[in-house]
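The structure displayed is predicted, hence computed values, not measured ones.
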Amino acid sequence: MISPVFIFDFDSTLVRIETLEALADLALKDAPDAAERKARIAALTDDAMNGRIGFGEALKQRLDLLALRREHVEALTDRILDEATVSIRRNVDFFQRNAERIYILSGGFREVIAPLAERLGLAPDHVLANDLIYDDEGRVTGVDTTNPLSRENGKPEVIRALNLAKTLGGPVVMVGDGWTDAEVKLNGAADRFYAFTEIVRRDKVVEAADAVAASLDEVLYAEGVAGRWSYPRNRIRMLLLENVHPAAVERLEEAGYTVETMKGALDEDDLIEAIKGVHVLGIRSKTNVSRKVLDAADRLMAVAAFCIGTNQVDLDAAADKGVAVFNAPYSNTRSVVELAIGMMIVLMRDVADKSREMHKGRWNKSAIGSREVRGKTLGIVGYGAIGSQLSVLAENLGMRVLFYDLSERLALGNARRMRSLDALLAEADVVTMHVDGRKDNTAIIGADQFAKMKPGALFLNLSRGHVVDVDAMAAVLKSGRLGGAAVDVFPEEPRTNADPFDSPLVGLDKTILTPHIGGSTEEAQEAIAEFAAERLLGYLNRGDTTFCVNLPNVQLAEVTRAHRLLHIHRNQPGVLAELNRALSDAGLNILGQHLKTDERTGYVITDVDRDYDREALTALKQLPGTIRFRRLH
């Protein structure tokens with residue numbers, strides 16, 4: 001099958017601007033009536049793009065309003081590459097590989113278009129545009145009126161003169177946002193017309209179109225060229241819950257995906273309803289993604305936990321469904337550590353209770369019970385990213401550091417590893433929890449452990465609510481055996497800020513309660529958003545599973561000049577052999593292949609030549625053990 005010949009408009013299609021309006025910003029910068037003239041130029045552009053005024057007349061009137069000079073044109077030319085439309089930037093490879101079958105057709109100006117055309121790999125004679133005429137002093141006096149593009153119905157005339165169906169073969173496809181682009185099809189010079197709406201949507205143009213394209217990905221998908229069987233990005237739905245930082249939304253939308261956000265968490269029933277048709281789910285710590293939820297997810301490919309922990313996701317169930325789960329294990333580490341340091345100091349100095357008394361009008365200046373952290377012993381339970389960084393900062397404050405961890409960990413600085421939890425509890429002046437949220441860690445600190453701590457010791461929990469028996473904690477606080485506590489996490493937490501909170505710890509003296517804000521700093525939330533978003537994009541765009549917590553980790557480069565086939569399967573003998581046999585039977589030439597397995601899942605990534613029959617891939621989905629099969633590019 002012969003691929004199409006593509007004709008692209010320039011303004012608001014290949015670039016996100018209208019050239020004449022951008023030139024107006026430059027040329028009218030110091031004009032006293034700039035606002036009035038710019039408004040008139042914009043109105044003329046809109047009238048021309050919607051077919052309410054002839055293009056030639058609109059062009060003449062706009063140039064008269066501009067008082068344009070060569071330096072204005074050159075200034076726009078210098079930055080035109082920065083104005084390229086987002087989906088065009090994503091698909092530069094398409095232009096470069098198909099340059100001989102792509103033209104730019106514009107009523108704009110050749111010298112502005114030329115740099116972008118060169119970047120896309122197009123020859124100069126594939127740029128069909130107007131040519132500006134200058135006088136001896138560099139003033140624009142008009143355009144070359146012998147060029148049909150300076151006149152009404154110029155675009156169809158230019159395309160017909162090229163006789164592309166005869167010289168290149170294949171259908172001619174026009175892509176643009178304006179009425180003059182629709183005229184190319186309406187006048188018989190193109191076989192199909194796509195109304196391009198990524199930048200602007202014009203109802204009259206949409207009505208005249210064979211199809212609407214919200215991005216270039218849509219056009220390429222429909223026309224069966226680059227990305228021919230990879231789903232268009234703007235059709236992939238992402239649902240981000242719990243007020244995920246806007247940086248994530250911006251990054252994902254910039255990459256071409258459709259993103260919906262919600263402020264609060266969802267309970268299981270609501271999530272089951274909301275997840276239908278969703279390809280990517282983003283959560284924080286309060287939304288539980290159970291096996292029941294995953295069973296109801298008809299299109300889900302990935303879950304991003306915009307936080308450190310993933311205990312709120314059934315990882316085994318997600319792996320069984322071929323759903324990749326990502327988190328941001330390090331992005332809020334510093335924020336949690338700083339809060340822990342602050343909590344220790346505030347508890348040591350009895351700041352919280354003294355502040356509460358001051359607010360009641362009581363002045364209680366006293367050093368009794370107020371101590372420095374210097375020289376005290378800090379016991380860290382869980383010596384991962386947070387615990388180890390806390391160790392370094394605490395030591396810099398003059399504290400002696402002990403730690404306990406089930407895994408073998410490298411001690412930083414002068415920190416000393418304790419062989420048992422009981423030994424740590426017996427020596428520490430301050431005990432702070434930084435373990436993960438696995439079920440095995442439920443109530444690892446209870447009445448017995450509190451009894452083994454030093455009388456008057458302080459206790460902090462900034463990890464997970466269920467790792468501590470809060471009733472036992474409340475009892476030792478009331479008895480005075482525990483000198484104070486700071487708690488940021490709770491076994492049961494409200495789903496939204498509007499829901500009530502209750503705990504046995506409420507109202508107790510020498511007890512600081514915070515609403516799970518350990519990682520809630522502006523810096524941490526932005527870092528988490530950027531990290532988790534990049535992990536999602538790596539998986540969706542190239543199949544990269546680096547930092548995935550439930551599937552084998554494979555680091556992959558971008559796909560270039562190939563199709564990538566992603567096959568997730570149960571880890572059982574013979575799958576790779578069967579996969580390669582199916583590829584061979586289909587006549588596919590393998591350019592590169594990766595296999596990675598863990599105890600339950602296998603992940604095969606295969607890059608193949610682009611030319612193959614789509615139906616040949618059906619066999620790959622039906623191989624024994626297949627969990628999920630996906631195509632890229």
Side-chain angles (χ1 to χ4, degrees), residues 1-16 18-19 45-56 58-59 85 87-88 91 94-95 98-99 101-108 113 117 120 122 126-130 148-149 151-228 232 234-235:
M1 183 179 70
I2 301 176
S3 63
V5 177
F6 288 95
I7 314 294
F8 286 94
D9 177 43
F10 187 71
D11 292 3
S12 297
T13 300
L14 292 183
V15 291
R16 58 193 174 189
E18 288 290 332
T19 296
T45 298
D46 190 57
D47 286 345
M49 291 300 100
N50 281 289
R52 293 189 291 266
I53 185 175
F55 179 79
L59 178 60
T85 309
S87 71
I88 302 301
N91 290 285
F94 156 73
F95 287 91
N98 299 279
R101 302 184 68 81
I102 298 174
Y103 287 81
I104 296 175
L105 177 67
S106 174
I113 298 170
L120 297 176
L122 305 186
H126 280 227
V127 176
L128 313 171
N130 276 305
L149 291 172
R151 304 189 296 268
E152 183 78 5
N153 282 318
K155 286 187 175 182
E157 181 181 341
V158 168
I159 297 303
R160 277 197 298 268
L162 290 174
N163 198 11
L164 295 172
K166 181 178 181 180
T167 58
L168 293 177
V172 176
V173 174
M174 181 72 213
V175 182
D177 67 286
W179 183 250
T180 58
D181 305 313
E183 288 179 330
V184 176
K185 163 68 188 301
L186 295 175
N187 283 273
D191 297 285
R192 290 186 288 278
F193 168 58
Y194 288 88
F196 190 79
T197 60
E198 183 170 337
I199 306 303
V200 62
R201 181 186 180 96
R202 297 182 171 97
D203 291 341
K204 183 177 180 181
V205 177
V206 167
E207 291 172 5
D210 296 290
V212 177
S215 70
L216 180 57
D217 306 285
E218 287 277 357
V219 177
L220 303 186
Y221 179 74
E223 291 297 326
V225 288
R228 56 182 171 174
N234 61 290
R235 295 192 197 180

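Put simply, OG on S87 and CG on L216 are 5.0 Å apart, with the number rounded to the nearest 0.5 Å. The distance from atom CG of D181 to atom CG of D11, rounded to the nearest 0.5 Å, is 9.5 Å. Atom CD1 in I113 sits 8.5 Å away from atom CG in L14 (nearest 0.5 Å).
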Just distance, no hydrogens or angles: give the donor-acceptor pairs under 3.5 Å from side chains in residues 204-215, sequence neighbours left out.
from, atom 1, to, atom 2, distance (Å)
K204, NZ, N50, O, 3.4
D210, OD1, K185, NZ, 2.9
D210, OD2, K185, NZ, 2.9
D210, OD2, F193, N, 2.7
S215, OG, D217, N, 3.3
S215, OG, D217, OD2, 3.2
S215, OG, N234, OD1, 3.1

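Note on residues 163-179: pairs passing side-chain hydrogen bond (donor to acceptor under 3.5 Å, both in side chains), not counting sequence neighbours, are T13-D177, D177-R202, W179-E183.
Checked against salt bridge (Lys or Arg N to Asp or Glu O under 4.0 Å), E152 has no partners two or more places apart in sequence or in another chain. Taking the salt bridge (Lys or Arg N to Asp or Glu O under 4.0 Å) definition, one finds that R160 meets it with nothing, sequence neighbours left out. Every side chain to side chain contact (heavy atoms under 4.5 Å, CB included) that R151 has, sequence neighbours left out, goes to P148, E157. Under the side chain to side chain donor-acceptor pair (under 3.5 Å) criterion, R201 pairs with no residue, sequence neighbours left out. Qualifying side chain to side chain donor-acceptor pair (under 3.5 Å) partners for R16, counting only residues two or more places apart in sequence or in other chains: E83. Taking the ring pair (Phe, Tyr, Trp, His ring centres under 6.0 Å) definition, one finds that Y103 meets it with H126, sequence neighbours left out.
In this structure, G107 and L59 approach most closely via the heavy-atom pair O-CD2, 4.5 Å. Taking each heavy atom of K155 and S106 in turn, the nearest pair found is CE-CA, 4.0 Å. I53 approaches A58 most closely through the heavy-atom pair CG2-CB, 4.0 Å. For P4 against V173, the heavy-atom pair with the smallest separation is CB-CG2, 3.7 Å. Taking all atoms of both residues into account, the shortest heavy-atom contact from R101 to L168 is NH1-O, 3.0 Å. Considering every non-hydrogen atom in both A117 and I104, the closest pair reads CB-CD1, 3.9 Å.
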Determine, step by step, whether F8 and V219 satisfy the side chain to side chain contact (heavy atoms under 4.5 Å, CB included) criterion, reporting the C-alpha distance in whole Å, the side-chain angles of both residues, the deciding distance to 0.1 Å, and the verdict. CA-CA 11 Å; F8 286 94; V219 177; 5.5 Å; no
Passes side chain to side chain contact (heavy atoms under 4.5 Å, CB included), R52 versus D46? Steps please. CA-CA 8 Å; R52 293 189 291 266; D46 190 57; 2.7 Å; yes
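L120 places none of its side-chain heavy atoms less than 4.5 Å from the side chain of I102. Contact check for V5 versus L162: no side-chain heavy atoms found under the 4.5 Å cut-off. Proximity of V127 to F10: side-chain heavy atoms (C-beta onward) are nowhere separated by under 4.5 Å. Contact check for V184 versus L105: side-chain heavy atoms found under the 4.5 Å cut-off. Side-chain contact between L128 and I7 is absent, with no heavy-atom pair separated by less than 4.5 Å. Under the 4.5 Å side-chain criterion, counting only non-hydrogen atoms from C-beta, F6 is in contact with V225.
In this model, a donor atom of one side chain and an acceptor atom of the other lie less than 3.5 Å apart for E223 and Y194. No side-chain donor-acceptor contact under 3.5 Å links E198 and T85.
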